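Accompanying notes for the structure given below.
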Amino acid sequence: MNDGTPVGDMTEQQAKAELARLAELLNRANTAYHQDDSPEIPDADYDAFKIRNAEIEARFPALKRKDSPSDQVGAAPAEGFAKVTHSVRMLSLSNAFDDEDISDFVTSVRKYLGKGTETALVFTAEPKIDGLSLSLRYENGQLVQAATRGDGETGENVTANARTIDDIPQTLDSAPDILEVRGEVYMSHADFEALNARQDEAGQKTFANPRNAAAGSMRQLDPSITRARPLKFFAYAWGESSAPLADTQFGAIDRLKTLGFSTNPLTIRADSPAQMIAHYREIEAQRATLDYDIDGVVYKVDDLGLQARLGFRSTTPRWAIAHKFPAELAWTHLEAIDIQVGRTGALSPVARLTPVTVGGVVVSNATLHNEDYIAGRDASGNEIRGGKDIRVGDWVQVYRAGDVIPKVADVDLSRRPDGTEPYIFPETCPICGSDAVREEGDAVRRCTGGLICAAQAVEKLKHFVSRAAFDIEGLGAKQIEAFYADDQLPVREPADIFTLQARDSQNLTKLANRDGWGETSAGNLFDAIEEKRDIQLARVIFGLGIRHVGEVAAQDLARHFSTWEAMATALDTARPAALAHRAADAAAEAERALAASENRRARISEARKKAEAGCDVPDAATTAWADLIGSDGIGPTMALSLSDAFANPEERAAMDRLLAHLRPVAPEARDLGSPVAGKTVVFTGTLEKMTRAEAKARAESLGAKVSGSVSAKTDLLVAGPGAGSKAKKAADLGIETLDEDGWLALIGAT
DNA sequence: GTGCCTCGAGTTCC
DNA sequence: CTCGAGGCAC
């Protein structure tokens, strides 16, 4: 198609036909690319087609199609599947890599449950299927919806495709009215080989491994294609259920089997770490003879009542763990070491490798962690612990951690070619040339250029538009890079995003008329930006990208302060106390370094001076500082980092410019239905029916805030036997106090 | 002071 | 997904 008539010689009819072909081709390629399936056409061809499309449109503007690919560029991909929000989140599992991790897991389960579980703690053990997870929703026995895992909260609706899989029943007899069955879609080795042979014969692309084949097949927009692919399904879990399936995990799996699902035959019960590990070894030995891929063994607490008590950490259940098989390794040649600069200025070394296949995927880059990992010796010639002395030209061993992230694991010194030099880690930023320094005890070297450094500025902007922050549709990493470098319509700081439209209207060449943009895509972008002027306060705080302040800390801060102004005022007030805190730390540090330092007098006196400066810290500052670091999840490190950011005139001015465009929304209490929502609760004394961690997690899930100490802000004290000073203080302050049973009754868990 | 448990930050491939 | 480090409980 590309070697067709030169655009200049084209008739209108030829142009029209070719635009139609290009639109179909490019839009299909877009879909394939964005759906994580491998791209249908190479990037170079894609770009060439896109350029040709633009050329033809430029010469025949009247022929531009409604679905023109030039309008799609920069915009979000057309949605292939509808989104589905899971009624019960689909979580991932935490991983274990050796036997010790397993006994640790069992110990931690025991510990969390507290007394009374020394005996009779039973686990299930089953192979972990390497496929893609699927949630099947049945209502009154009818399959009504199938959804992929997605990010765990929201997946994609693939019901039509799921209906083509023989292992998935369309109807269930005597099942709960509402039942979500979860399991893994996979492809057997035999079917995979046959499919690839067919694909090859038909001149179609083959799949790298059974999992990609299964994932690719499941994501076909045309269910008839999925039907032709030999997919299978193992059920191993459930989401929402209107009636319990059983009392135990094992019983529930059995019930799923009775309902007509296929369940994995290698599932057993085990009542000790030794038995669990024995089953792991057995499955590992059988691995090569199985007709499907597995990547480990999953253990779950069998008793569903205990599972409920154990509950969840932020992303994983406490009652299950995946014992992974050792990762596949590959040796390859290290061609170069490049340095990347992250949003906090961190310099990260990346290995450029001769491409090699690891676990079914071609890897050409891998992380080298940090300076010490590469280095053999430090400046004074001492060996560095954990350092491998990795040099450009070496043979290195690569693996994919958790079967995803490529890493350099080792170096073969016996195969080192002559004339290699130890790698010298740069002490200046490769992007902006500023000094790159390592703070004491820190593993990473950081560029000190701040926002002067283009790499840091761009990465910060990418963070600002990222999903957990402003999440602006049509303004992803690529567009940020383009806008940052743009002379006519630059975006150099977050506030610039919100002035884009106004500035564009002043420009001679409008965004809509540029290559790769059109009226629709430019309009969509401006709309998407406009939409985010009303935004959760937590997202604003997180989006600023202040070091040590991540998504969770941002939520804590938003809940603590409710408004931007309150937070800014508190930080301003607390500033003298923050400085005093740092000075006190420095003084302590100087004293510790006393013996080692020749300059100790100077250092100590300087530190003393600073500490003295802290003496006239206003009371208000002390109070504001104490309030900040006393609030849940915020410690001195985060508080100092925040304080520094707000006290830095340039950073603060940029924040003010940004906030002028925003209307931050205060966070809501989490569960307004619960009587403890929004309350600050303190637990003290011995809890008999739950452990401390359990009590805290439970209270927080109901929207309460759990604090460690009683203060005027405490709403409720839960006191078990042996409560001491806290109970007394609560009584003095007139704070409501309950015993454990009273608490359980209050939250409705008797 | 020590030892969990989480969170934050950085990273690759598609 | 992993590693390092911050926060907090013991």
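Residue numbers begin at 1 in each chain, while the letters A, B, ... track the order of the sequences. What you are looking at is a predicted structure, and each value in this text was computed from that prediction instead of being measured.
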When rounded to the nearest 0.5 Å, the distance separating NE2 of A:His548 from CG of A:Leu640 is 10.0 Å
Quiz item: Given B:dG8, is OP1 or OP2 found less than 4.0 Å from the side-chain N or O atoms of A:Thr344?
Solution: no
Does A:Arg343 place a side-chain N or O at less than 4.0 Å from the phosphate oxygens OP1/OP2 of B:dA9?
yes
Can you classify the ring geometry of A:Phe464 versus A:Phe470 as parallel (below 30°), tilted (30 to 60°) or perpendicular (above 60°)? parallel
Looking only at B:dG10, B:dT6, B:dG8, the nucleotide nearest the A:Arg318 side chain is B:dT6
In whole angstroms, the gap separating P of B:dC14 from CG of A:Leu132 amounts to 18 Å
Residue-phosphate contact under 4.0 Å: A:Gln340 side-chain N/O, B:dT11 OP1/OP2
yes
> Does A:Thr637 have a side-chain nitrogen or oxygen under 4.0 Å from the phosphate oxygens OP1 or OP2 of C:dG7?
Replying inline: yes
A:Thr344 meets the side-chain hydrogen bond (donor to acceptor under 3.5 Å, both in side chains) criterion, sequence neighbours left out, with A:Arg446
message = Whether A:Asn365 contacts B:dC13 is assessed here as follows: a side-chain N or O lying under 4.0 Å from the phosphate OP1 or OP2. Is that the case?
response = yes
Side-chain contact check for A:Ala346: nearest option of B:dG10, C:dC3, C:dG6 is B:dG10
Any A:Leu306 side-chain heavy atom under 4.5 Å of A:Leu121 side chain: yes
Closest of C:dG6, B:dC5, B:dC13 to the A:Ser108 side chain is B:dC5
